[in-house]
Amino acid sequence: MTSEITPTRMVVYRLILAMAILVAWELASGRLIAEFFVSKPSAILAAFRRLIVSGDLFFHAAVTASEAFAGFIIGGTIGIAAGVLLGRSTFLADLLQPFILAFYSLPKIALAPLFVLWIGIGMSMKIVLTATVVFFLVFLNTFTGVRSVSRELVTIVRLMGANERHVLGKIVLPSAITWVFAGLRISVPYALIGAIVGELIAANRGLGFVLASASGQFDTAGVFAALIAIMMLAFSLNAMVRIAERKLMPWKISEATREVTI
Amino acid sequence: MTAEALIAFRGVGKTFTVGDRVVEAVRSIDLDVRRGEFVTLVGPSGCGKSTLLNMTAGLFAPSSGTVQYDGGPVTGVNLRTGYMTQSDHLLPWRTVAANIQVPLEIHGRPRGEMRDRVAALMELVGLAGFEKSYPSQLSGGMRKRAALARLLAYDPETLLLDEPFAALDAQLRLNMQIELLRLSRQLNKTVLFVTHDLDEAAALCDRCVVFSGRPGTIRAVLDSPLPRDRDLLRLRHDGRYVALAAELWDMITPMLTQTRGESS
Ligand SMILES: Nc1ncnc2c1ncn2[C@@H]1O[C@H](COP(=O)(O)OP(=O)(O)O)[C@@H](O)[C@H]1O
Ligand SMILES: [Mg+2]
């Protein structure tokens with residue numbers, strides 16, 4: 001091992017850095033930069049506490065989390081299914097390629113107004129928006145994963161008498177799952193973007209709504225408090241994906257922890 | 001030739017085209033392999049030994065001639081053969097035990113039977129205790145043994161083995177040779193066995209096919225003077241074995257100097 005820094009040490013260093021930033025922020029606010037623009041950690045903490053005490057934080061966070069989560073699951077599931085289907089069927093992939101590319105190049109967020117027209121401003125509109133964003137990321141990753149499956153491995157099990165179902169279950173899915181999870185991981189922030197942008201555009205609940213109304217009242221501390229809540233949400237979604245990853249790909253742990261040999 | 005051939009190569013040639021480069025791997029191969037026969041293939045690397053196994057397994061068709069299996073031409077994947085390729089091709093996402101179990105799952109064997117069979121095979125190839133390891137945690141030789149166990153798990157009629165023991169140490173290799181010979185005799189398997197180890201080729205074979213390259217052609221087919229049931233441990237003292245191995249050496253060494261001359 002070349003690095004001498006132990007994990008606990010690293011945590012200590014990080015805490016020191018975080019403290020330094022917070023102290024500098026607190027001191028600079030009102031002296032170097034107007035507090036109106038950057039607020040300050042103590043005020044943000046107070047705003048955050050108010051949000052918790054009033055119960056607003058949990059209510060709005062739960063709304064945003066459900067939207068992001070539902071959209072994530074729906075978009076992810078359809079994305080995986082479509083990725084596997086098109087990955088295994090050259091005909092379908094060729095047929096649909098230009099349409100998919102056209103849709104892919106469109107920023108999905110731009111569809112929000114259309115979804116408002118179709119299904120109103122309720123939670124389902126945010127779910128559909130999130131699902132659309134997540135779908136493409138997961139679909140493209142799954143597709144690539146299925147396409148890059150080792151032909152040798154497929155041949156090996158075919159020699160054992162495997163049919164298409166065996167090939168799919170024993171080779172294609174397990175080998176594509178790394179790609180699927182890469183897609184899911186990069187989808188997490190986008191799922192939140194979908195939910196929050198949806199709420200910014202039109203909503204009366206959710207963290208996006210909290211954000212928009214705090215900003216409307218020039219409550220900078222409130223804006224930062226909402227941002228912190230969003231960050232924590234992203235953190236827990238990420239953690240969920242990571243846990244699922246560990247559960248579903250135990251061999252990756254053994255590959256990652258094994259000493260390098262060449 | 002008494003019995004009819006199980007595998008018959010009739011004027012087989014194979015040419016690969018990669019981009020604008022054309023490689024003739026083998027040319028006019030004529031060879032009959034009888035049921036229950038153990039045939040070893042030796043020759044300089046690149047002379048098309050693996051190519052012949054690939055065609056027997058039906059992975060691709062010959063460019064000329066035909067490969068016949070049990071009286072009919074091989075078309076598509078040949079399910080009556082089991083193929084242990086030069087690289088082990090274990091599934092990295094499965095533990096060793098689960099890898100060996102793959103063919104049993106494909107054939108829909110009951111759970112209990114699978115467990116017992118896998119345990120017996122792990123024992124046979126000397127991997128007991130490594131059931132829960134992933135292939136990435138094993139040495140090259142251990143992976144080879146796992147691949148062999150997987151091959152034996154589905155009990156194919158014909159075994160195609162491409163340098164199966166190349167990565168093993170001498171002791172282990174001898175054990176595996178003994179086991180392979182015992183199993184193939186007991187179950188009357190037909191075996192095509194590629195090796196670059198001439199002593200191994202002489203020890204195991206009923207017949208040994210010597211190739212010269214390239215393109216690969218059959219230089220000679222030697223019949224083994226050894227009985228079908230032989231004691232590999234005592235072979236070193238068997239004059240017939242020593243003579244066969246020496247004959248192989250004498251055939252192969254001129255080719256080696258020739259290829260060395262080519263490459264320099
Ligand atoms: N799939 C392939 N595509 C292109 N060329 C190949 C392929 N397989 C083998 N060859 C070529 O055919 C020749 C014989 O290869 P191979 O059968 O692997 O020889 P051996 O197993 O005797 O070492 C080599 O020159 C090799 O480069
Ligand atoms: Mg080879």
Side-chain angles (χ1 to χ4, degrees), chain A residues 80 83-84 87-88 141-142 144-185 242-262, chain B residues 50 53-60 74 76-109 130 132-140 143 146-147 149-160 162:
Chain A
I80 292 172
V84 171
R88 291 304 285 171
N141 267 279
T142 307
T144 313
V146 169
R147 273 301 155 92
S148 59
V149 162
S150 151
R151 286 163 63 204
E152 285 81 13
L153 289 186
V154 172
T155 307
I156 283 284
V157 293
R158 284 239 188 266
L159 272 169
M160 296 174 191
N163 55 29
E164 179 67 14
R165 189 172 57 83
H166 292 132
V167 170
L168 206 60
K170 295 187 195 307
I171 306 293
V172 175
L173 293 182
S175 85
I177 198 170
T178 322
W179 291 80
V180 170
F181 269 106
L184 290 176
R185 241 183 291 118
R242 196 136 307 155
I243 290 169
E245 211 169 341
R246 279 176 169 266
K247 277 260 177 300
L248 287 172
M249 301 195 292
W251 68 94
K252 282 285 163 195
I253 302 171
S254 88
E255 277 171 23
T257 53
R258 105 189 234 277
E259 298 281 335
V260 174
T261 53
I262 45 176
Chain B
S50 300
L53 295 200
N54 286 335
M55 290 188 291
T56 312
L59 303 191
F60 47 72
V74 176
V77 171
N78 185 350
L79 294 178
R80 290 166 69 182
T81 62
Y83 194 175
M84 181 170 161
T85 54
Q86 234 165 325
S87 36
D88 52 66
H89 290 316
L90 295 171
L91 312 186
W93 47 84
R94 281 178 173 245
T95 61
V96 172
N99 257 292
I100 298 173
Q101 195 173 298
V102 169
L104 301 171
E105 289 171 14
I106 288 173
H107 291 126
R109 289 284 179 278
F130 290 93
K132 292 197 163 64
S133 302
Y134 286 99
S136 64
Q137 296 168 311
L138 302 185
S139 72
R143 284 205 289 270
R150 180 177 66 178
L151 178 67
L152 295 174
Y154 66 107
D155 202 27
E157 174 181 63
T158 293
L159 302 179
L160 307 174
D162 201 342

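Note that the structure is a prediction, hence the values are computed from the model and not measured. All chains are named by letter (A, B, ...) in the order of the sequence lines, taking the proteins before the strands, and each is independently numbered beginning at 1.
When side chains are defined from C-beta on, V74(B) does not count as touching M55(B), because their heavy atoms never get closer than 4.5 Å. In this structure the side chain of Q101(B) never reaches within 4.5 angstrom of the side chain of R109(B), judged on heavy atoms. When side chains are defined from C-beta on, V180(A) does not count as touching N141(A), because their heavy atoms never get closer than 4.5 Å.
Neither the backbone nor the side chain of T178(A) comes within less than 4.5 Å of any heavy atom in chain B. Only the side chain of I156(A) comes within contact range of chain B, with heavy atoms under 4.5 Å apart. Contact annotation for I177(A): neither backbone nor side-chain heavy atoms come within less than 4.5 Å of a heavy atom of chain B. The contact between L90(B) and chain A is made entirely by backbone atoms, counting heavy-atom distances below 4.5 Å.
Annotation: salt bridge (charged side-chain N to carboxylate O under 4.0 Å, His left out) contacts involving residues 169-185 of chain A, sequence neighbours excluded, comprise K170(A)-E105(B), R185(A)-E245(A).
Between the side chain of H107(B) and the backbone N or O of M160(A), at least one donor-acceptor pair lies under 3.5 Å. Judged by distance alone, with hydrogens and angles left aside, the side-chain atoms of H166(A) form a donor-acceptor pair with the main-chain N or O of N163(A) at under 3.5 Å. One N or O on the side chain of N78(B) and one on the backbone of T56(B) form a donor-acceptor pair closer than 3.5 Å.
The contact list for residues 79-87 of chain B toward chain A, using heavy atoms and a distance under 4.5 Å, reads L79(B), T81(B), Y83(B), T85(B) by residue number. Among the residues in residues 92-100 of chain B, those with a non-hydrogen atom closer than 4.5 angstrom to a non-hydrogen atom of chain A are P92(B), W93(B), R94(B).
S148(A) and W179(A) make their closest contact through OG-NE1, 3.7 Å (heavy atoms, listed as atom of the first residue, atom of the second, distance). Scanning both residues, Y154(B) and L159(A), for their nearest heavy atoms gives CE1-O, 4.0 Å. Looking at every heavy atom in both residues, P174(A) comes nearest to G169(A) through CD-O, 3.4 Å. In this structure, S50(B) and D162(B) approach most closely via the heavy-atom pair OG-OD2, 2.6 Å.
For R242(A), the side chain to side chain donor-acceptor pair (under 3.5 Å) criterion is met by no residue, not counting sequence neighbours.
Listed options V77(B), V102(B), L151(B) were ranked by heavy-atom pairs under 4.5 angstrom with chain A; first place goes to V77(B).
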